[in-house]
Trainee: 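I have a structure here, written as structure tokens, and I will follow up with some questions on it.
Nothing here was measured: the structure is a model prediction, and the numbers come from that model.
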Amino acid sequence: MYKIVAKRELNPTVTMMDIYAPLVAAKAEAGQFIILRVDSDGERIPLTVAGYDRERGTVRIIFQIVGGTTMRLNAKNTGEYLSDFVGPLGCATRTENIKKVCIVGGGVGCAIALPVAQKFKRIGCEVHSIIGFRNKDLLILEDEFKECSDKLTVMTDDGSYGRRGVVTEPLKEAIERGENYDEVIAIGPLIMMKFVVATTKPYNVPTTVSMNPIMIDGTGMCGGCRLTVGGKTKFACVDGPDFNGFEVDFDEAMARSDAYAEFEKGEREKCCNLFRGIK
Amino acid sequence: MAVQPMKNAMPVQDAQVRAKNFKEVAIGYDEKIAVAEAQRCLNCKNSPCVAACPVNVSIPQFISKIKDGDFEGAYSVISESSSLPAVCGRVCPQETQCESKCTLGIKFQPVGIGRLERFAADYHNANSDGKIDLPKSNGHRVAVIGSGPSGLTCAGDLAKKGYKVTVFEALHLAGGVLVYGIPEFRLPKEIVSKEVKTLENYGVEIKTNVVIGKTLTVDELFEDGFEAVFIGSGAGLPNFMGIPGEGLKGVYSANEFLTRANLMKAYRGDAQTPIMHAKRVAVVGGGNVAMDAARTALRLGAEKVYIIYRRSMTELPARREEVEHAEEEGIDFRLLRNPVEIIGYHNAEDRRDPKNGFVTGIKVIKCELGEPDERGRRRPVEIAGSEYVLDVDCVIIAIGTSPNPLIKNTTAGLEVNKHGGIIVDESTGKTSREGVFAGGDAVTGAATVILAMGAGKTAAKAIDEYISSKRK
């Protein structure tokens, strides 16, 4: 069992938790993920590591409440336990030969982008961050990004905070302005990552994307997380989750991501009724 | 008294009934049938059956205990050699091992050794109080990676010799392929958990949620004080065919499909893990895993399930008993067929059509058998222009696996062959790294439960010798 040692609501649909898991905390690196089960009949879900504290032995996760499992997870409080928590899985984000980087985060993807930005800052890179949200209410981690970015641009779709528009606009401007990025790292919804790649490709700026497909074991056994990258079948859990954005088949990944949309809808309703019953 | 020429039949659930439930297909012998079957054993002098068993169970001895009505005694004899009798009695291919060498089998049907083994194990599980004589600890620590058949066997054998064994399991539950792969109707999970519990009673510690190669490395296990490490991490990454359409929704690897159904209990209405309840399913492949996937799909409510295999029934590698069970349940074998494309729904007018991207069919090409390949199996040769489409809404690919790279990539000096399997000395399980042993699918690629158990047993013996020799 894995204790929840801290819990904080970042916005109405996004929650942060610190989980006591010393073996995972000892090894976790930015870009890796964990798999958890909330209870003994629970589904296994992958969540990318949002931070870690090696001394305290805790791993930070930030999740959006989207389906049955994340609802059940969000119903747990500090001092309670998760049934299972395993990791760190996947490969850490590569940092070699990168001196100047642009981190592009979208929505809850910013939670995963943050430790990546922090890591680049720590090793002495120049870090530019562009983070985007649908509106002001959904904004998360702005202060944390400010701290680790040499330049920060906040975007909202509706202009209720920061600049109005999507993340690819300031990215394109920066590239055209001559910010010679060694690498652009995009972490967010598939559609955002697809458009980031479409933005950087004409300028041939190397672009890494962080994929978070449906998974079960997360160790290279089930093959559920497969993606087509450069025309080949790759497994996000062992080959990724970071991939060369220019090679990822986003259309296939997007189609596969909603394979269980109907089931999830049912689960959400079931959970809503369940929690209504408790309250 | 004349010998009864035929084996006592195994009571089974009716094919029509069982095709709709996940309860065990074979019900098992009762005491009376077991004694009658045991009486068929000739107790012949050289007992060829024992040598044909990968873990060398003292077969005539346990059968003679059953003959005498000493069922617990029969179990004791088996458990001297096998750490998982209730599992072996169910999933071993006895027809190619012990029973294939049975002297009675020369003239008649061989003794139903597997059925008797299962009987003795089930009798013990139902009647024992779980108490065991704890072996005296020798203070030496051994790490076992993976809690599948090879790991559990290795752990059990070492624990019985007094070693302090810790088993590291990546998943949340111990058992490996016995819990995620082999379906409930062939091997009830309660039986696996009982066998695991027995090992824990012997002092084996099982740590779930630890991925060796990620959470900890082999080197760290040695630093932590383990004196030897056994790698039984299993097969690994599922193979795909590399044909168009494998990324469509409704295409599963057998590993994913079976893991959802077995480990995550997706067959139950209240499960939190989803699985497609497809109506028409094509399973590609001809091994036991393909049979398991096909019969699971049927039980999840499919009206039509095809097995697509590129050779003929003669070459089909699954156990005969599994093929017969599948046929009785109505699985449709489409032999000498090779898939060339998986076809999906695509509404060009409406990109938001929820049916977009789901499987609608599989295009196959007819084959004929040509010259034998290097393994002696006749090669399938495609017949040009013979393609046609089978309408299905789910495709399950069961064409084998490739070794998992996690341990190899993080263990310096561990040599692997060109397929990625760990290289070992077969008689000891020794790898190229001192103190590191390996066995099971991580070495051989996908094989059987009993072969993995045999490898675990061999390695346990070698580990005992290795640590004993260091002590001197």
Trainee: Using the rule given for side-chain contact (heavy atoms from CB on, under 4.5 Å), can you reason through B/Leu237 versus A/Phe235, listing the C-alpha separation, both sets of side-chain angles and the distance that settles it, and then say yes or no?
Mentor: CA-CA 8 Å; B/Leu237 301 160; A/Phe235 299 99; 3.6 Å; yes
Trainee: Look at atom CZ of A/Arg60 and say whether more than 12 heavy atoms of other residues, nucleotides or ligands are closer to it than 6.0 Å.
Mentor: no
Trainee: Could you report the tightest heavy-atom contact between A/Arg226 and B/Tyr252, atom names first, then the distance?
Mentor: NH2-N, 4.4 Å
Trainee: Could you walk me through whether A/Thr219 and B/Lys214 pass the side-chain contact (heavy atoms from CB on, under 4.5 Å) test, one step at a time?
Mentor: CA-CA 9 Å; A/Thr219 63; B/Lys214 286 290 175 188; over 6 Å; no
Trainee: Pick whichever of A/Leu23, A/Asp217, A/Ile216 has the most heavy-atom pairs under 4.5 Å with chain B.
Mentor: A/Ile216
Trainee: Heavy-atom pairs under 4.5 Å with chain A: which of B/Pro238, B/Gly234, B/Gly236, B/Ser253 has the most?
Mentor: B/Pro238
Trainee: Relative to chain A, which segment of B/Leu258 carries a heavy atom at a distance below 4.5 Å: side chain, backbone, both, or neither?
Mentor: neither
Trainee: So A/Tyr2 and B/Asn209, do their side chains get closer than 4.5 Å, heavy atoms only?
Mentor: yes
Trainee: Is chain A contacted by the side chain of B/Thr215, its backbone, both, or neither, given a heavy-atom distance below 4.5 Å?
Mentor: both
Trainee: Heavy-atom distances under 4.5 Å only: say whether A/Leu227 touches chain B with side chain, backbone, both or neither.
Mentor: neither
Trainee: Give a yes or no on this: more than 12 heavy atoms of other residues, nucleotides or ligands lie within 6.0 Å of atom CZ of B/Phe226.
Mentor: yes
Trainee: Which bit of B/Ala254 comes within less than 4.5 Å of chain A, counting heavy atoms only: side chain, backbone, both or neither?
Mentor: neither
Trainee: Which is it for B/Val210 and A/Val86 under the side-chain contact (heavy atoms from CB on, under 4.5 Å) test, yes or no, and what are the steps along the way?
Mentor: CA-CA 6 Å; B/Val210 181; A/Val86 58; over 6 Å; no
Trainee: One pair to check against side-chain contact (heavy atoms from CB on, under 4.5 Å): B/Leu171 and A/Arg44. What are the steps and the verdict?
Mentor: CA-CA 10 Å; B/Leu171 290 169; A/Arg44 293 172 67 93; 3.6 Å; yes
Trainee: About how many Å separate CG of B/Asn404 and SG of A/Cys237, when rounded to the nearest 0.5 Å?
Mentor: 8.0 Å
Trainee: Looking at B/Gly357, B/Gly242, B/Ser402, B/Pro274, which has the largest count of heavy-atom pairs under 4.5 Å with chain A?
Mentor: B/Pro274
Trainee: Is it the case that atom CZ in A/Arg54 sees more than 12 heavy atoms from other parts of the structure closer than 6.0 Å?
Mentor: yes
Trainee: Can you tell me how far OH of A/Tyr260 sits from NZ of B/Lys249, rounded to the nearest 0.5 angstrom?
Mentor: 11.0 Å
Trainee: Quick one: closest heavy-atom pair of B/Leu216 and A/Lys27, and the distance?
Mentor: CA-NZ, 3.7 Å
Trainee: So if I take each residue of residues 246-257 of chain A and look for any heavy atom under 4.5 Å from a heavy atom in chain B, which residues do I end up with?
Mentor: A/Glu252, A/Ala255, A/Arg256
Trainee: Which atoms of B/Phe257 come close to chain A, meaning under 4.5 Å heavy atom to heavy atom: side chain ones, backbone ones, both, or neither?
Mentor: neither
Trainee: Counting heavy atoms not belonging to B/Lys279, are there more than 12 under 6.0 Å from its NZ?
Mentor: yes
Trainee: Might you confirm whether atom CG of B/Asp350 has over 12 heavy atoms from other residues, nucleotides or ligands at distances under 6.0 Å?
Mentor: yes
Trainee: Is there side-chain contact between A/Val38 and B/Gln272, with at least one heavy-atom pair below 4.5 Å?
Mentor: no
Trainee: Measure across B/Phe240 and A/Gly223 and return the closest heavy-atom pair with its distance rounded to 0.1 Å.
Mentor: CZ-O, 4.2 Å
Trainee: Are the side chains of A/Met221 and B/Glu256 in contact, using a 4.5 Å heavy-atom criterion?
Mentor: no
Trainee: Taking atom CD of A/Glu80 as the centre, report whether more than 12 heavy atoms of other residues, nucleotides or ligands fall under 6.0 Å from it.
Mentor: yes
Trainee: Out of A/Gly42, A/Gly220, A/Ser40, which one racks up the most heavy-atom pairs below 4.5 Å with chain B?
Mentor: A/Gly220
Trainee: So what's closer than 4.5 Å to chain A heavy atoms on B/Glu169: side chain, backbone, both or neither?
Mentor: neither
Trainee: Counting only heavy atoms not in B/Glu349, do more than 12 fall under 6.0 Å of its CD?
Mentor: no
